[in-house]
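Here is the structure we will look at.
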Amino acid sequence: MNISKVCILGGAGFVGSTLVSKLARIGIHTRIISRHPERHRKLLVLPNVEIVEADINDFNRLSYYLHDVDAVINLVGILNDNSLDGAGFRKAHIELPKLLVQACQKNKVKRLLQMSVLNADAGTSPSHYLRSKSEGENHLHIFSDKGIQITTFRPSIIFGPGDNFFNRFSRLIKVTPLICPVPRAQARFAPVYVGDVADSMIEHLFKSDSNGLRVDLCGPHSYSMMELMQYTAALSGVKRKFIALPDRLSLAMAHMSDFANSIPIVTPTMNWLIPGFEEARFSVDNFRSLLVDSVCNQSAPQKTSIEDIVPHYIQAKPNHSRFDSLRQTIRRD
Ligand SMILES: NC(=O)c1ccc[n+]([C@@H]2O[C@H](COP(=O)([O-])OP(=O)(O)OC[C@H]3O[C@@H](n4cnc5c(N)ncnc54)[C@H](OP(=O)(O)O)[C@@H]3O)[C@@H](O)[C@H]2O)c1
């Protein structure tokens, strides 16, 4: 299939930025649809990149931006949903893919890549996050027999500069006192490098036999949550005693976090007053997602390990976390 122009939903995020820069390097034109194009202007230094502002839940707007592209990549995903009943997860992970596939049909776009998550299962997953990701993925795959080539990517946690895992935990560890409680300390992950994720997506984008594939993506090693926290603390140059929190306590903490976040005024106030409050957000749905290990069963692991990359961006340095959160607020992160 000849692909020269691609539209990417969520293309200005963590994974999207790496993917877009790799696509630019091989001469592919990318159109990123974003809610806040002005925040992502730095991507415009790349050749053949355009960023347009649109509400992707508006079918006509979404469809308009697909009229001249050869492929679509959907990277939209959320980890937290203030609605608590999963409505936000369903909108982002199920309703949006449904709209997107209709827009592809209308515009005769014949290639669609979807970002899902490892071990998501619509029937058995315990969290809204995992179930909705799987449902969205399953819906799209119906169309792989109806003229659209669909490939889904199912990564474990993704790391790299700007990630929301090591960076977040490094900030959190630095502001917690000597003892740091770890919920679901035994949960396992096989972190995969963002560059390897983008390479795999690009490889499959151009492959003629990728239709219907669901590609699991894991790094070369697996670690428990406790091991990853200890590793992050060591790199961050802080000494903390980590204690595994029993599930019942973790869940109580998660309920309190959900309650605090359900009151609109509380979150910004607490973010301002308590350094690390945002980073400590841990919802009941997050807890349930952690009941499923995020490790691969069979597929060949991607090559880059956390030890190759993470020490380059998580280092012992002065604690500017209060300023970091301010910078995030005014979007200068
Ligand atoms: N990072 C990981 O460890 C990881 C692991 C497994 C799977 N994934 C999946 O990989 C994908 C990309 O992850 P990422 O880490 O790059 O996420 P990210 O940095 O948060 O980027 C996702 C982008 O999606 C858009 N978006 C988010 N919520 C939206 C909403 N409600 N409506 C419309 N647009 C929305 C945002 O774009 P704008 O703000 O520009 O509109 C955002 O930049 C997601 O589907 C995620 O679930 C990530």
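Here the structure is a predicted model, which is why all the values come from computation and not from measurement. Whatever order the structure lists ligands and atoms in, that order sets their numbers, starting from 1.
The protein heavy atom nearest to atom 40 (O) of ligand 1 is Ser34 OG, 2.6 Å. Of all protein heavy atoms, the one lying nearest to atom 5 (C) of ligand 1 is Ser156 O, 3.4 Å. Among all non-hydrogen protein atoms, the one lying nearest atom 33 (C) of ligand 1 is Ile56 CD1, 3.5 Å. Looking from atom 13 (O) of ligand 1 to the surrounding protein, the closest heavy atom is Val15 CG2, 4.0 Å. Of the protein's non-hydrogen atoms, Phe14 CD2, 3.6 Å is the one closest to atom 15 (O) of ligand 1. Ranking the protein heavy atoms by distance from atom 48 (C) of ligand 1 puts Ile158 CD1, 3.8 Å first. Shortest contact from atom 9 (C) of ligand 1 to any protein heavy atom: Met115 CG, 3.5 Å. Scanning the protein for heavy atoms near atom 22 (C) of ligand 1, the closest one is Leu75 O, 3.9 Å.
Under a 4.0 Å N-O distance rule, the pair Lys5/Asp68 qualifies as a salt bridge. Electrostatic pairing of Asp216 and Arg154 counts as a salt bridge here, judged by a charged N lying under 4.0 Å from a carboxylate O.
The presence of a protein heavy atom under 4.0 Å from atom 17 (O) of ligand 1 is ruled out.
Under the rule for a ring pair (Phe, Tyr, Trp, His ring centres under 6.0 Å), the partners of Tyr64 that lie at least two apart in sequence or sit in another chain are His67.
Nearest heavy atom pair, residue Ile32 against residue Ala12, reads CG2-N, 3.7 Å. Minimum heavy-atom separation, Val192 to Pro155: CG1-CB, 4.0 Å.
At a 3.5 angstrom cut-off on N or O pairs, Arg35 counts as close to ligand 1. Every N/O-N/O distance between Ala92 and ligand 1 stays at or above 3.5 Å. For ligand 1, the polar-atom distance check finds no N/O of Gly10 at less than 3.5 Å from any of the ligand's N/O atoms.
Of the options Pro155, Gly136, Gly13, the smallest heavy-atom separation from atom 21 (O) of ligand 1 is shown by Gly13. With atom 8 (N) of ligand 1 as the reference point, the heavy atom nearest to it among Pro37, Ser116, Ala54 is part of Ser116.
Using a non-hydrogen distance threshold of 4.0 Å, Lys133 registers as a contact of ligand 1. Residue contacts with ligand 1: Asn164 is excluded, as none of its non-hydrogen atoms falls under 4.0 Å.
Residues Ile158 and Asp163 are not in side-chain contact: their nearest non-hydrogen atoms beyond the backbone lie 4.5 Å or more apart.
Linking ILVMFWY residues whenever their side-chain heavy atoms come closer than 4.5 Å, directly or via other members, leaves Val20 and Leu66 in distinct clusters. Neither Val101 nor Met201 shares a network with the other; the hydrophobic side chains, linked directly or stepwise wherever heavy atoms of I, L, V, M, F, W or Y lie under 4.5 Å apart, form separate groups for each. Hydrophobic clustering, with ILVMFWY side chains joined whenever heavy atoms are under 4.5 angstrom apart, keeps Tyr65 apart from Leu44. Hydrophobic clustering (ILVMFWY, side-chain heavy atoms < 4.5 Å, transitive): Ile314 and Tyr223 are in one cluster.
Heavy atoms of His40 found under 4.0 angstrom from ligand 1 belong exclusively to the side chain. Residue Tyr129 touches ligand 1 through its side chain alone, judged by heavy-atom distances below 4.0 Å. At a heavy-atom distance under 4.0 Å, only side-chain atoms of Ile78, from C-beta outward, approach ligand 1.
At distances below 3.5 Å, at least one donor-acceptor pair connects side-chain atoms of Ser144 with backbone N or O atoms of His141.
Remark: Lys106 NZ is loosely packed, at most 12 non-hydrogen atoms of other residues, nucleotides or ligands lying under 6.0 Å away.
Close approach to Ile157 involves these atoms of ligand 1, each under 4.0 Å from a residue heavy atom: 3 (O). Those atoms of ligand 1 with a heavy atom of Gly77 less than 4.0 angstrom away are 27 (C), 44 (C), 45 (O), 47 (O).
The aromatic rings of His93 and Phe89 sit tilted relative to each other, their planes meeting at an angle between 30° and 60°.
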